[in-house]
Number of protein chains: 2
Amino acid sequence: MKRVTIKDIAEACNVSKATVSYVVNGKLNKVSPEMVKKITAMMEKMEYVPSLSAKSLAGKGSKLIGVVIPQVDVTQKMIFDNPFYSEFLSGLEYYLRQAGYSIVLSVINRDNCFEDMMKKWNLDGAVVFGIDNEEMVKALGNQKMPILLIDSYTTNRRFYRMNLRDEEASFVATTLLVEEGQKNIALVTGKVDKSILLQRRLSGYKSALEQHHIPFDPKLVFEGDVTYEYGVQAANEIMGMSDITGIIATADILALGILNQMQASGKNIPNEYSIVGFDDTYQAKMMYPKLTTIGQNISRRGELAGELILKIIHGEQTEKEYFMDFEVLLRETTRKRD
Amino acid sequence: MKRVTIKDIAEACNVSKATVSYVVNGKLNKVSPEMVKKITAMMEKMEYVPSLSAKSLAGKGSKLIGVVIPQVDVTQKMIFDNPFYSEFLSGLEYYLRQAGYSIVLSVINRDNCFEDMMKKWNLDGAVVFGIDNEEMVKALGNQKMPILLIDSYTTNRRFYRMNLRDEEASFVATTLLVEEGQKNIALVTGKVDKSILLQRRLSGYKSALEQHHIPFDPKLVFEGDVTYEYGVQAANEIMGMSDITGIIATADILALGILNQMQASGKNIPNEYSIVGFDDTYQAKMMYPKLTTIGQNISRRGELAGELILKIIHGEQTEKEYFMDFEVLLRETTRKRD
DNA sequence: GTGAAAGCGCTAACAC
DNA sequence: GTGTTAGCGCTTTCAC
């Protein structure tokens, strides 16, 4: 069967397309109440569904929000290996759906630039992950579409940002272990030089140590991929160094690798090693023992991002940077506290 | 700056819109080679990006594929708690992106019906998860858009399906434990009566037992939510029954809960209990010990789904049902075999 | 309060 | 080979 259009409704009601359009768009002050009722009923009856393509063409926004995940490595397609994305997306989709928007998922790399994506679909806006440094910012081009950056440290005023206070969070995590009495605290992290975010976390770690008069030892910083496997590897290295007893991992997935490997080696957590993760992905609750970690409800954060991007689109958001609160989630990989 | 359209290119090249349209769409036999070159260069120079809204309106397909995940529980928004979706989506997005398609994510529930979604965006097709029974099939409505169902057992000939041989897979999993010498094998699963898929797995389990002359005992079937928490609970129940030594979990996440809880209770896996999971999500490799499970590369399966839906769209797919192969991934939660 | 008509960017049948 | 044109479904200005 053919598509039911605004024209069909108009004819069925003996009115013009314009009138129908008015009621579709809720401009009810322009149409008489009886007419509104009649048209509404007819739309219901004929199962009218507006065409977003047409609406978008007519310049009224596409009701489409792009969610952009940069693909660092071209060969790697598993963008969702990191449960952070999934959980965040979950909340974001939930919020946007309620508001009548949908999500277009796009992974960008060298071949398909972001600007093309946006123009192609007439996106109303976009939520973009992982644009950490200025070089990546360039890849976003310079159209003026509303863009919300998640965890980005660009100083480019053109973008809105939703960030964690990473330095502070890392400071708190480290302090937690220091106050447990740990003197030799390892930091297991991704490659710091490529990521301003990780630099912040490193510097929070350093200042926590400094404040407690513990000298910073670069040998206690383990840099590698943010993967389970690297967690395993770091655990082995750490166990090979006799003095370390506390570990900060800048992602839960690293903590999981560390935890499993240490237990496989017969270590007791948290008696022999205290471990603190980052993010609080659902994995943190599915470990044994449950992971002490820094973060907040990621899905909730996704919802907030939805709220933010819509505000930006509607011109209601003035602050360029939005800071998320974080919590210390004391669970079972650190010692009990009073 | 204004959007660069086909018309701008046409004017810049002193040709008509039609000519430009031909080269955009690769109908090169209709245009002279020099012209093609000239137009192509101009498109490049002016950074022309076609508008999908217009293309879609003109009836040429939207290059948009819907990915639909039904939301069982209205209050629950965490659609991605199940890593299966994430991994699958990852592969699907990867494949479709290469082919110039994008993904629109939509969760459907009572409030937003599927038909509306499809019409609204002029989707070219859809990949739909979790339509297990005929009742859910109804929710898909009866337009004729290409739809690929993942893990669905509907017999409705209108849809294409991509399935696992669930009964066989479950048979193999059970046989694995039987051949280890296990006599009392528990099945930990979701609610069977609501899911044909789970009924198949149950029946594979039963027939494997039967074939080895082991009587089926309904008390060894543990039904609950497909969650980590239920895995924990089931583990407790199982440990409370003295004779069980083998466990089949119909999802890796259940296996994880079981595994962690048993180890927390001081049990040795696989010496005291053998555990087999289902799916082979990345979680399976991130457990300690690594999970023996039934499945195949989920991300690869997503890619295949992308290939399939495009074939369906282009009318190149004749088979209504596509079966995925599965593998037995012998890892460390079952005993070593020769 | 309602309608006519132009225009959004693109395609394709048809004419030249 | 290339141009003309109608039309896809909708919005919106401007008449009435």
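The chains referred to below are lettered A, B, ... by the order of the sequence lines, with proteins before strands, and numbering in each begins at 1. Values below: all heavy atoms of this structure, side chains included; hydrogens, waters and symmetry mates excluded.
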Next on the checklist: Test your reading of the model: is there a side-chain donor-acceptor pair from B/T40 to the backbone of B/V36, 3.5 Å cut-off?
Outcome noted: yes
Checklist entry - What does B/N14 touch in the nucleic acid at a heavy-atom separation under 4.0 angstrom: a base, only the sugar-phosphate, or nothing? => result sugar-phosphate
When you compare the protein's N or O atoms with those of nucleotides 11-15 of chain D, which come within less than 3.5 Å of each other, and at what distance?
from   : atom 1 : to    : atom 2 : distance (Å)
D/dT11 : OP1    : A/N25 : OD1    : 3.2
D/dT11 : OP1    : A/N25 : ND2    : 3.0
D/dT11 : OP2    : A/S21 : OG     : 2.7
D/dT11 : OP2    : A/N25 : ND2    : 3.3
D/dT12 : OP1    : A/K60 : NZ     : 2.4
D/dT13 : O4     : A/Y22 : OH     : 3.4

Item to check | Any B/S56 side-chain nitrogen or oxygen under 4.0 Å from OP1 or OP2 of D/dC8 | outcome: no
Checklist entry - With nearest nucleotides of DNA chain D determined for B/M35 and B/G59 from heavy-atom distances, which residue corresponds to the more 5′ nucleotide? => result B/M35
Checklist entry - Quick check: does any side chain N or O of A/S152 sit under 3.5 Å from a backbone N or O of A/I131, one acting as donor and the other as acceptor? => result yes
Checklist entry - If only atom types and distance count, is the side chain of B/Q317 paired as donor or acceptor with the main-chain N or O of B/E319 below 3.5 Å? => result yes
Checklist entry - Within the pair B/S16 and D/dG3, is there a side-chain N or O less than 4.0 Å away from OP1 or OP2? => result yes
Next on the checklist: Using C1' atoms of five pairs at each end, report the bend of the helix from C/dG1-D/dC16 to C/dC16-D/dG1 rounded to 10 degrees.
Outcome noted: 40°
Item to check | Lys/Arg cation over aromatic B/Y160: B/K320, 6.0 Å, 45° cone | outcome: yes
Checklist entry - Could you give the CE-to-P distance, from A/M43 to D/dC10, as a whole number of Å? => result 11 Å
Item to check | Electrostatic pair B/R301-B/D151, nearest N-O below 4.0 angstrom | outcome: yes
Checklist entry - B/N29 CG to D/dT2 P: how many Å, rounded? => result 12 Å
Next on the checklist: By the definition side chain to side chain donor-acceptor pair (under 3.5 Å), identify the one residue from B/S56, B/S51, B/S53 that meets it with A/S56.
Outcome noted: B/S53
Item to check | Sequence-distant partners of A/E321, side-chain hydrogen bond (donor to acceptor under 3.5 Å, both in side chains), two or more places apart | outcome: A/R161, A/N163
Next on the checklist: Tell me the interatomic distance from B/K7, atom NZ, to D/dT5, atom P, rounded to whole angstroms.
Outcome noted: 14 Å
Next on the checklist: Quick check for you: name the first and last nucleotides of DNA chain C, 5' to 3', having an atom under 4.0 Å from a heavy atom of chain A.
Outcome noted: C/dG1 to C/dG9
Next on the checklist: Using a 3.5 Å distance criterion without hydrogens, assess whether the side chain of B/D8 forms a donor-acceptor pair with backbone atoms of B/T5.
Outcome noted: yes
Item to check | Carboxylate-amine/guanidinium proximity below 4.0 Å for B/E303 and B/R300 | outcome: yes
Checklist outcome for this item: Between CD of A/E11 and P of D/dC10 the distance, given in whole Å, is 13 Å
Checklist entry - What residues, two or more places apart in sequence or in another chain, satisfy side chain to side chain contact (heavy atoms under 4.5 Å, CB included) together with B/V24? => result B/V20, B/M43, B/Y48
Below 3.5 Å, can you tabulate the donor-acceptor pairs from side chains in residues 58-69 of chain B to any protein atom, sequence neighbours excluded?
from  : atom 1 : to     : atom 2 : distance (Å)
B/S62 : OG     : B/L64  : N      : 3.3
B/S62 : OG     : B/N122 : O      : 2.5
B/S62 : OG     : B/D124 : OD1    : 3.4

